[in-house]
Amino acid sequence: MTDVRRAVLDEAARLVAGPRNETHGDYTHEARRIGRMWGAILNTEDIPPRTVAAMMVALKTARATAGRENVDDWTDLCGYAALGAQIDADLAQVWA
């Protein structure tokens with residue numbers, strides 16, 4: 001039997017480092033754009049990229065726990081968590 005945990009993590013890593021990055025570009029830049037748009041819609045300040053990543057994890061969690069089982073939701077959740085971790089790591093280097 002395939003180790004599903006490893007497969008999900010490997011697929012999330014492959015997607016955020018490969019196809020998704022190629023399609024959407026740098027995630028921090030994209031999250032900054034999303035945060036500006038969400039802030040405008042909510043009539044508030046821009047939402048920081050790390051918060052955008054956390055909100056996407058929340059969205060994927062909601063999807064993963066509703067309706068039918070779909071391993072892709074868990075994969076995407078892992079991907080957004082990794083992107084959020086990268087944002088924090090990049091911020092730590094900037095402020096170090």
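In what follows, every heavy atom counts, from backbone to side chain, and hydrogens, waters and symmetry copies are set aside.
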Separation between CD1 (Ile34) and NE2 (His24), nearest 0.5 Å, reads 9.0 Å
Given Arg6, which partner from the list Asp3, Val8, Val4 fulfils the side chain to side chain contact (heavy atoms under 4.5 Å, CB included) test? Asp3
Got a list of side-chain donor-acceptor pairs under 3.5 Å for residues 56-68, not counting sequence neighbours?
unit_1 : atom_1 : unit_2 : atom_2 : d
Lys60  : NZ     : Asp76  : OD2    : 3.0
Thr61  : OG1    : Val57  : O      : 2.8
Thr65  : OG1    : Thr61  : O      : 3.0
Thr65  : OG1    : Ala62  : O      : 3.2

Please list, chain by chain and in numerical order, all residues satisfying side-chain hydrogen bond (donor to acceptor under 3.5 Å, both in side chains) with Asp46, sequence neighbours excluded.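 side-chain hydrogen bond (donor to acceptor under 3.5 Å, both in side chains) check on Asp46 returns nothing, list empty.
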Find out if a path of hydrophobic residues (ILVMFWY) with successive side-chain heavy-atom gaps under 4.5 Å connects Met37 to Tyr80.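 Cluster IDs for Met37 and Tyr80 differ.
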Where at least one partner belongs to residues 31-44, residue pairs that pass salt bridge (charged side-chain N to carboxylate O under 4.0 Å, His left out), sequence neighbours excluded: Glu30-Arg33
Pairs under 3.5 angstrom only: tabulate donor-acceptor contacts from the side chains of residues 9-18 to other protein residues two or more places apart or in another chain.
unit_1 : atom_1 : unit_2 : atom_2 : d
Glu11  : OE1    : Arg14  : NE     : 2.9
Glu11  : OE2    : Arg14  : NH2    : 2.9

Taking only residues two or more places apart in sequence or in another chain, which ones pass side chain to side chain contact (heavy atoms under 4.5 Å, CB included) with [X]?
| X | result |
| --- | --- |
| Asn70 | Asp72, Asp73 |
| Leu42 | Thr44, Ile47 |
| Asn43 | none |

Residues, nucleotides or ligands: over 12 heavy atoms within 6.0 Å of Tyr27 OH: yes
List the atom of Ala53, the atom of Gly84, and the distance in Å for their closest heavy-atom pair. CB-CA, 3.7 Å
